[in-house]
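The next block holds one structure in the form of structure tokens; read it before the comments.
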Amino acid sequence: MANALRLTANGGCEYIDNTTARTGKKYYCFIVQADTVVGTLTGGLNGDTTTNYLTSIGLGSKTLKQGAIIYAPGDAVFTNLTLTSGTIIAYAE
């Protein structure tokens with residue numbers, strides 16, 4: 001996807017405020033609405049879902065503060081996302 005389309009939230013968004021696993025998604029970023037701990041965050045490029053972004057971008061066991069914006073690197077997407085606590089708005093391709 002062209003990065004310009006990402007700026008317009010062309011794929012819509014999802015308000016997430018529970019611990020239900022989101023799988024098979026294509027989120028390119030999320031914005032933290034209330035202090036949040038992410039339990040699962042994987043994805044990659046071209047259908048790859050094996051990159052663990054909690055470790056590769058250093059989010060594991062961290063509390064993300066309200067207002068933080070987390071982008072998938074480059075043209076990658078987050079395909080699996082589970083919150084431990086908190087609230088986010090996730091933006092899809």
Side-chain angles (χ1 to χ4, degrees):
M1 162 181 246
N3 287 332
L5 290 177
R6 287 183 170 191
L7 295 175
T8 63
N10 195 47
C13 63
E14 183 176 356
Y15 183 86
I16 302 171
D17 64 350
N18 57 49
T19 58
T20 302
R22 270 51 179 201
T23 58
K25 300 294 185 173
K26 289 185 177 181
Y27 301 128
Y28 64 89
C29 81
F30 61 88
I31 301 175
V32 178
Q33 302 300 299
D35 290 359
T36 296
V37 176
V38 179
T40 303
L41 188 62
T42 61
L45 289 168
N46 302 319
D48 178 20
T49 62
T50 60
T51 302
N52 181 344
Y53 288 112
L54 290 180
T55 56
S56 70
I57 60 177
L59 298 180
S61 302
K62 303 244 189 308
T63 299
L64 303 175
K65 296 298 184 181
Q66 181 179 9
I69 302 172
I70 308 298
Y71 276 91
D75 287 330
V77 292
F78 302 129
T79 54
N80 300 306
L81 168 70
T82 306
L83 300 183
T84 300
S85 63
T87 304
I88 66 171
I89 298 175
Y91 292 85
E93 286 193 336

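The residues of the chain are indexed from 1 along the displayed sequence.
Between the side chains of Q33 and Y15, not a single donor N or O lies within less than 3.5 Å of an accepting N or O.
From Q66, atom CD reaches atom CG of D35 across 7.0 Å, with rounding to the nearest 0.5 Å. For the atom pair CD (E93) and CG (D75), the distance works out to 7.5 Å, reported to the nearest 0.5 Å. Atom-to-atom distance recorded for Y91:OH and F78:CZ is 14.0 Å, nearest 0.5 angstrom.
Residues V38 and F30 are in side-chain contact: their nearest non-hydrogen atoms beyond the backbone lie under 4.5 Å apart. Inter-residue side-chain proximity for T79 and K25 is flagged as unmet; no heavy-atom pair is nearer than 4.5 Å.
Here the shortest heavy-atom pairing between Y53 and A76 reads OH-CB, 3.3 Å. Closest approach of T20 and N18 over heavy atoms only: N-OD1, 3.0 Å. In terms of heavy atoms, Y71 sits closest to C29 at CD2-CB, 3.5 Å. Of all the heavy atoms in L59 and L64, the pair that sits closest is CD2-CD2, 3.8 Å. The minimum heavy-atom distance between I89 and C13, with the atom names listed, is CG2-CB, 3.8 Å.
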For this session: For side chain to side chain contact (heavy atoms under 4.5 Å, CB included), just list the numbers for I70 and I57, CA-CA rounded to whole Å, side-chain angles, deciding distance to a tenth of an Å, and then say yes or no.
Result: CA-CA 10 Å; I70 308 298; I57 60 177; 4.1 Å; yes
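In this structure, the side chain of T36 engages the main chain of A34 through a donor-acceptor pair within 3.5 Å. Not one N or O on the side chain of N80 forms a donor-acceptor pair closer than 3.5 Å with the backbone of L41.
Each of T42, I16, T40 was checked for a side chain to side chain contact (heavy atoms under 4.5 Å, CB included) with L81, and the lone residue meeting it is I16.
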